[in-house]
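Working notes for the structure below.
Throughout, protein chains are lettered first and strands after them, A, B, ... in sequence-line order, and every chain is numbered starting at 1. The figures that follow rest on heavy atoms only: side chains count, while hydrogens, waters and symmetry mates do not. Only a predicted model underlies this, so the values are computations on that prediction, with no experimental measurement involved.
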There are 2 protein chains.
Amino acid sequence: MKLASLKGGRDGRLVIVSKDLHWYTDAAHIAPTLQAALDDWDRISPKLESLAEDLEHEAVPRERFHEHDAAAPLPRAYQWADGSAYVNHVELVRRARGAELPDSFWEDPLMYQGGSDGFLGPRDPITLADESWGCDMEAEIVVVTTDVPQGASREEALKRIALVGLTNDVSLRNLIPAELGKGFGFVQSKPASAMSPVYVTPDELGDAWKDGKLHHALKVDYNEKPFGRAEAGEEMTFDMGVLVAHLAKTRAVGAGSIIGSGTVSNRDPDNSPGRPVADGGKGYSCIAEQRMIETIASGKPATEFMKHGDRVRIWVDGPDGKPLFGTIEQEVVPLQTSATGGQ
Amino acid sequence: MKLASLKGGRDGRLVIVSKDLHWYTDAAHIAPTLQAALDDWDRISPKLESLAEDLEHEAVPRERFHEHDAAAPLPRAYQWADGSAYVNHVELVRRARGAELPDSFWEDPLMYQGGSDGFLGPRDPITLADESWGCDMEAEIVVVTTDVPQGASREEALKRIALVGLTNDVSLRNLIPAELGKGFGFVQSKPASAMSPVYVTPDELGDAWKDGKLHHALKVDYNEKPFGRAEAGEEMTFDMGVLVAHLAKTRAVGAGSIIGSGTVSNRDPDNSPGRPVADGGKGYSCIAEQRMIETIASGKPATEFMKHGDRVRIWVDGPDGKPLFGTIEQEVVPLQTSATGGQ
């Protein structure tokens with residue numbers, strides 16, 4: 001089944017969305033919010049599944065689903081931990097600055113704790129106060145867990161994955177080096193991430209969800225041009241089970257925790273760094289990677305980071321050629337200084 | 001006023017606690033949880049204040065307040081961001097390993113994003129699966145905010161501080177070097193933190209809350225012996241307003257965000273590293289600091305990290321010599337492998 005949260009209040013209103021994303025039906029009588037459903041998933045998810053079937057059979061009242069009415073499925077969450085499972089991406093970053101990749105990076109996942117107090121909806125703009133911060137997109141796969149016990153194995157962790165979705169993990173590249181240098185991870189350099197209009201249960205993905213990996217191309221358009229077509233199931237060094245187990249090594253992980261894959265990234269078949277889509281390659285899931293390739297090729301980057309007015313689209317097509325999770329579609333806008341924060 | 005959450009469900013039940021911590025009255029008819037109160041603080045806090053007055057005047061039904069019945073005031077939160085405001089502490093860590101402190105550390109706060117999906121209550125044990133991880137306490141001050149707009153100034157941030165409390169930010173010292181080396185902050189090396197039985201509004205602290213600092217000694221006993229008596233208002237390089245504004249630089253901060261001071265730490269009056277309480281000094285708020293002092297003095301640490309059965313108490317006495325926030329009192333215990341996680 002596919003779940004969304006319509007905008008309204010701090011946590012949205014839970015709805016079931018039809019497989020084709022055309023329709024929704026209210027699920028608030030079963031659980032008011034997605035978090036409430038995840039808090040009691042074993043009991044509530046069968047009821048939601050039953051409602052989802054009724055929706056497919058047009059046996060319940062339904063309304064047109066508009067992605068721009070959707071908040072993030074969890075508009076705020078108790079945890080957002082983002083891995084960096086495509087080590088190809090990490091190696092490229094390092095090569096661009098002439099640094100070796102430690103061997104341990106192939107065995108011990110990189111992961112950071114991100115801010116989860118407010119996620120952007122799939123059509124919400126990226127509010128950028130200062131263009132010199134170097135705003136970038138990062139297209140990723142995310143999973144949402146139920147409760148995961150401390151010390152869970154990979155296999156146990158895989159069973160606790162309730163939902164799969166997409167994120168744009170917005171990054172401020174020019175603030176990253178100073179924060180990485182301090183060793184304490186990302187605080188200012190990772191503003192709010194955006195989420196796909198719907199999260200879906202793994203069974204909805206059929207064979208494309210296997211061994212904790214999503215076997216589909218993650219598509220990114222930048223300013224209406226194809227930018228990334230990387231295969232999310234290939235070259236994923238650490239699957240989602242490994243990432244969740246990594247997080248749970250020393251502490252229990254609460255229901256509704258969102259865990260990210262890190263930027264999806266592929267090499268070219270000849271093992272060279274990936275080429276742009278325009279040159280027949282699979283392109284990139286973030287601008288930084290394109291800049292690294294440019295730096296490796298010609299000594300300096302040519303592509304600029306995102307400025308006000310730039311637009312990014314992120315989605316995954318299913319076997320029928322239609323978006324599985326809906327589409328993240330965002331424009332970078334200036335900060336309105338009259339904004340009072342809040343919601 | 002003083003607020004607590006009695007254990008029950010994932011988010012506890014909101015109660016008002018009397019100033020002397022002897023009594024509580026139910027506040028669930030005003031807001032079911034502390035998060036719900038913080039979500040609408042301007043409207044709800046006056047009602048809670050009024051109830052708190054009634055409690056002091058014995059004008060409402062009341063029950064005895066037992067700290068061991070309390071969960072963390074926010075048993076889970078949408079954000080936990082921990083600063084490192086006592087640069088003395090940071091300098092000691094570095095001196096012990098022969099590293100210089102960069103000048104920038106006096107101007108740019110260290111801060112990491114921590115896990116907030118589950119906090120320990122004030123009497124909950126610290127579940128430690130492996131003693132070789134090097135379990136340590138870190139006694140800190142925390143504040144809880146209402147909504148803070150992106151780009152808020154220090155002054156604006158100070159106005160958004162709704163509550164003040166204490167934490168034991170449990171740290172696994174022997175897992176930290178590898179995680180710091182990766183630059184991505186703390187994931188496995190920071191398991192769940194414990195919180196004081198009550199959080200209090202700043203006005204409750206009188207003159208002791210000034211310029212975003214708590215002007216009281218933070219008391220730590222370790223295995224029933226005085227271990228730390230550091231003054232939280234002294235040598236705090238970055239006040240809470242600066243820390244909250246740091247977090248809000250690139251993104252709005254949601255209501256119910258918890259921001260920590262980092263380990264409270266004082267030098268001795270002669271500017272030498274602090275001495276143990278037993279030697280007439282103010283002692284330490286974590287074992288690591290004592291080990292650093294030992295390393296500086298004699299080349300190697302003498303005090304071991306916490307083992308199963310070790311106990312820590314953390315509190316702050318008010319002007320009347322009684323704990324203002326109640327007492328965090330925890331024992332380190334082995335992981336029960338039959339645990340199923342969850343609640």
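- Annotation: maximal heavy-atom pairing with chain B below 4.5 Å, among A:Q188, A:R251, A:E156, occurs at A:Q188.
- Between A:D310 and A:K307 there is no salt bridge, since none of the side-chain N atoms of the basic residue sits less than 4.0 Å from a carboxylate O of the acidic one.
- We find the OG-CD distance between A:S116 and A:Q79 to be 7.5 Å, quoted to the nearest 0.5 Å.
- Using a 4.5 Å cut-off between heavy atoms, A:P75 makes no contact with chain B at all.
- In terms of heavy atoms, A:P125 sits closest to A:L120 at O-CD1, 3.8 Å.
- When each of B:Y112, B:F186, B:F184 is paired with A:F186, the ring pair (Phe, Tyr, Trp, His ring centres under 6.0 Å) condition holds for B:F184 and for no other.
- Taking A:P102, A:G115, A:G118, A:A81 one by one and counting their heavy-atom pairs under 4.5 Å with chain B, the maximum is reached by A:G115.
- Using a 4.5 Å cut-off between heavy atoms, A:S257 touches chain B through its side chain atoms alone.
- When the candidates B:H246, B:R76, B:K249 are compared by the number of heavy-atom contacts under 4.5 Å with chain A, B:R76 comes out ahead.
- Contact annotation for A:L172: only side-chain heavy atoms (C-beta onward) come within less than 4.5 Å of a heavy atom of chain B.
- Heavy atoms closer than 4.5 Å to chain A are found in both the backbone and the side chain of B:T127.
- Using a 4.5 Å cut-off between heavy atoms, B:W133 contacts chain A through its side chain alone, with no backbone atom that close.
- For A:L128, no part lies under 4.5 angstrom from a heavy atom of chain B.
- Contacts of B:D108 with chain A are made by both backbone and side-chain atoms, with heavy-atom separations under 4.5 Å.
- Taking the six-membered ring for Trp and thresholds of 30 and 60 degrees, A:Y78 and B:Y78 have nearly parallel ring planes, at less than 30 degrees apart.
- Rounding to the nearest 0.5 angstrom, the gap separating the OG1 atom in A:T146 from the CG atom in A:D39 is 10.5 Å.
- Nearest heavy atom pair, residue B:F238 against residue B:A85, reads O-CB, 3.2 Å.
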